Each structure stands twice: as C-alpha cells, then as structure tokens.
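Working notes, beginning with the structure itself.
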Amino acid sequence: MAEKALRGLGAWIRIRVMTSKIRHVTIDTADAYGLAGFWSQVLGLPVHEDDKPGDEDVLIEGAGLLFVTVPEPKTVKNRVHLDLQPDDRTRDEEVERVLALGATLVDDRRNPDGTGWAVLADPEGNEFCVERSAAERATG
C-alpha cells in the first residue's frame with residue numbers, strides 16, 4: 001500500500017491508498033517463443049531461462065513483456081503499442097537494425113528536420129514505433 005498526504009481542515013493527514021502496478025504487458029501471438037526471440041534481439045534482453053520452444057507463454061523478464069500463444073490471428077491495429085528509444089545509436093540506425101531482424105516498415109513519420117518517428121511491425125504484425133534517441137532530442 002502507498003501513502004498519500006492530503007491537506008484537510010488546516011492540517012496534513014496521511015491516508016493509505018490501494019494501488020496496483022503493471023507486472024507484464026502481454027502480447028498475444030501465434031508462436032510465443034518465436035516472437036519473444038525477435039523482441040529479445042530488439043531489446044538486447046534474454047527470454048526467461050525456463051522458457052523454451054513450444055511453450056505457450058514466454059517472458060522477457062527485464063522488459064516485463066509476456067508473449068502468450070493464442071489460436072486466433074491478429075486482425076486489427078493494436079490498441080496499445082511500444083515506443084522504442086535507442087540508447088546507443090540514432091533513430092535511423094535503430095530502424096535499419098530492427099528491419100534487418102525481421103520487422104517491416106508500416107508508416108514513415110520521420111521529417112526532413114530530424115524530428116518524427118517510424119512505425120514498424122514485428123514479424124506477427126504488431127505495430128511499434130522507433131523514436132529519436134535522447135542524444136538526438138538534446139540537439140534539436
């Protein structure tokens with residue numbers, strides 16, 4: 001439980017506030033291990049040591065991403081998507097790297113002045129964006 005300070009009747013009081021935290025972001029997939037492998041390469045984080053090919057759910061623990069095999073295919077645009085910000089390269093370098101891993105370019109929102117982002121899709125069609133790095137944001 002978290003505590004929250006409130007001011008009431010001229011004095012501060014502390015009350016306990018019930019909260020939740022996000023444990024995982026779950027992504028439905030036709031092949032949990034295969035798609036987790038793609039995202040493992042993108043993020044540079046391993047799949048959980050207990051997970052193996054054929055498992056119906058696979059976790060990338062360091063990112064809180066849980067891939068769950070479901071029978072139905074993806075049919076519409078994602079309602080939630082990930083926004084990636086590269087740590088050690090430019091946005092454009094990251095777009096090229098992720099395309100080489102098997103992503104596809106869905107919508108190029110990059111602008112001539114260096115702003116904007118690229119919308120990509122993972123091998124199962126789940127959209128995500130690649131934004132500018134912190135260094136690129138700092139220079140304009």
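Bear in mind the structure is a predicted one, so any value in this text is a computation, not a measurement. Atoms considered below: every heavy atom in the structure, side chains included; atoms not considered: hydrogens, waters and symmetry mates. Here, residue 1 is the first one in the sequence, and each next residue gets the next number.
- Considering CZ of F38 and CG of N126, their distance stands at 9.5 Å, rounded to 0.5 Å.
- The list of salt bridge (Lys or Arg N to Asp or Glu O under 4.0 Å) pairs with a residue in residues 127-140, not counting sequence neighbours, reads K74-E127, E131-R137.
- One hydrophobic cluster, built from ILVMFWY side chains closer than 4.5 Å, holds both V130 and L45.
- Under the side chain to side chain contact (heavy atoms under 4.5 Å, CB included) criterion, R89 pairs with P86, E93, E94, R97, sequence neighbours left out.
- A pairwise comparison of heavy atoms in P123 and G102 identifies CG-O, 4.0 Å as the closest pair.
- A chain of hydrophobic side-chain contacts below 4.5 Å, direct or via other Ile, Leu, Val, Met, Phe, Trp or Tyr residues, connects I27 to I22.
- Residues in residues 21-35 take part in no salt bridge (Lys or Arg N to Asp or Glu O under 4.0 Å) pair, two or more places apart or across chains.
- Judged by distance alone, with hydrogens and angles left aside, the side-chain atoms of S133 form no donor-acceptor pair with the main-chain N or O of R91 at under 3.5 Å.
- The salt bridge (Lys or Arg N to Asp or Glu O under 4.0 Å) analysis of residues 98-107, with sequence neighbours excluded, yields the pairs D107-R109.
- Side-chain atoms of D83 and Q85, non-hydrogen and from C-beta on, never get closer than 4.5 Å to each other.
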Would you give me the side-chain donor-acceptor pairs under 3.5 Å for residues 50-68, sequence neighbours excluded?
| from | atom 1 | to | atom 2 | distance (Å) |
| --- | --- | --- | --- | --- |
| D51 | OD2 | L59 | N | 2.8 |
| K52 | NZ | D50 | O | 3.4 |
| D55 | OD2 | K52 | N | 2.8 |

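- The minimum heavy-atom distance between S40 and P46, with the atom names listed, is OG-CA, 3.7 Å.
- At a threshold of 4.5 Å between side-chain heavy atoms, the hydrophobic network of Ile, Leu, Val, Met, Phe, Trp and Tyr places L35 and V70 in two separate groups.
- When the side chains of ILVMFWY residues are joined at heavy-atom separations under 4.5 Å, either directly or via intervening members, V119 and L105 end up in two distinct hydrophobic clusters.
- Contacts of D113 classified as side chain to side chain contact (heavy atoms under 4.5 Å, CB included), with partners at least two apart in sequence or in another chain: N111, T115.
- Both V98 and L82 are members of a single hydrophobic cluster when ILVMFWY side chains are connected at heavy-atom separations under 4.5 Å.
- Closest approach of V47 and G37 over heavy atoms only: CG1-N, 4.5 Å.
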